[in-house]
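The chain is numbered in sequence order, starting from 1. Order of listing sets the numbers, starting from 1, for every ligand and every atom in it.
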Amino acid sequence: MKKIFSLLLVFLLMIVSSKSHITLASAENSTAVKIPVMLYHVVEPNPDPNNPYQYPLAEFEKEMAYLKENGYRTLTMKQYFNILDKKAAMPEKPILLTFDDNSSDFYQYIFPILQKYGMKATEFTVSNWVNGSWNMTASQMLTIMENGVDIQNHSVTHTFLANLGREQQYAEINNATIALKELTGRTTNVFAYPYGNYNADTISVLKELGFKGAFKVGGGISTDQSDRYQIPRIMMLQNHTLDDFIRMVTIGD
Ligand SMILES: [Zn+2]
């Protein structure tokens, strides 16, 4: 009888310990780092209906107002990587806003809204497009940089990198670093793949040049488990509504 009792006790202890193990595991999951990274291109009052990458300004402002009203914290790129690397605590509702291609609508329309709501953002900049006919001027780039917008690297000419040899890829990335350093006085250390296009050479060049990470297109919400050189971004397209935005910010799709 005594033996049966002690066997029962051992069995009970096993259940308790396995349960506490489960509780511990789910606590780890609930504190895991999850940060939606949003990707916009052109945002303007009257987007071209034939260009899905152009986003309506009115919708964009509704989304920024939603983030503000619901306690989201927009991150700088440095804060983003510090949180991923567990060097900084994660705020309750973090989000990273990224904009690609340094187009002139950013200065005209997006920047004033970011200022209005006190938001940080990152502009992935194509170095050859600075001062281009549909792009921000060098002076506009400096103004946004001095007011909470990180300038990061989006290559020299915005080409399909996977079509290039390693040396040409190296030039596309490193010459943009040099040009952007001349422009801003700062060294870019984060990359966004033009067209979301890259291969193993691209990643090896970025590592060689000391980049902390690189963003792709699609793939849901980024986490501390995301490959630093294939970090997912959630792309906003013209037909997305505020409801889509809220869903994508929450579940990544
Ligand atoms: Zn681009």
Task: Minimum-distance atom from the Zn ion (ligand 1) among N, O or S atoms of His158 - done: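 The closest N, O or S atom of His158 to the Zn ion (ligand 1) is NE2.
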
Side chain to side chain, [X] and [Y], heavy atoms closer than 4.5 Å:
| X | Y | value |
| --- | --- | --- |
| Asp101 | Phe124 | no |
| Val130 | Thr137 | no |
| Met119 | Met64 | yes |

- [ ] Tell me whether Asp101 has at least one N, O or S atom under 2.8 Å from the Zn ion (ligand 1).
- [x]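 Yes.
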
Task: Under 2.8 Å: N/O/S of His154 next to the Zn ion (ligand 1) - done: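 An N, O or S atom of His154 is closer than 2.8 Å to the Zn ion (ligand 1), so yes.
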
Task: Pair Tyr193-His154, ring pair (Phe, Tyr, Trp, His ring centres under 6.0 Å): steps then yes or no - done: CA-CA 6 Å; Tyr193 300 113; His154 198 34; 9.2 Å; no

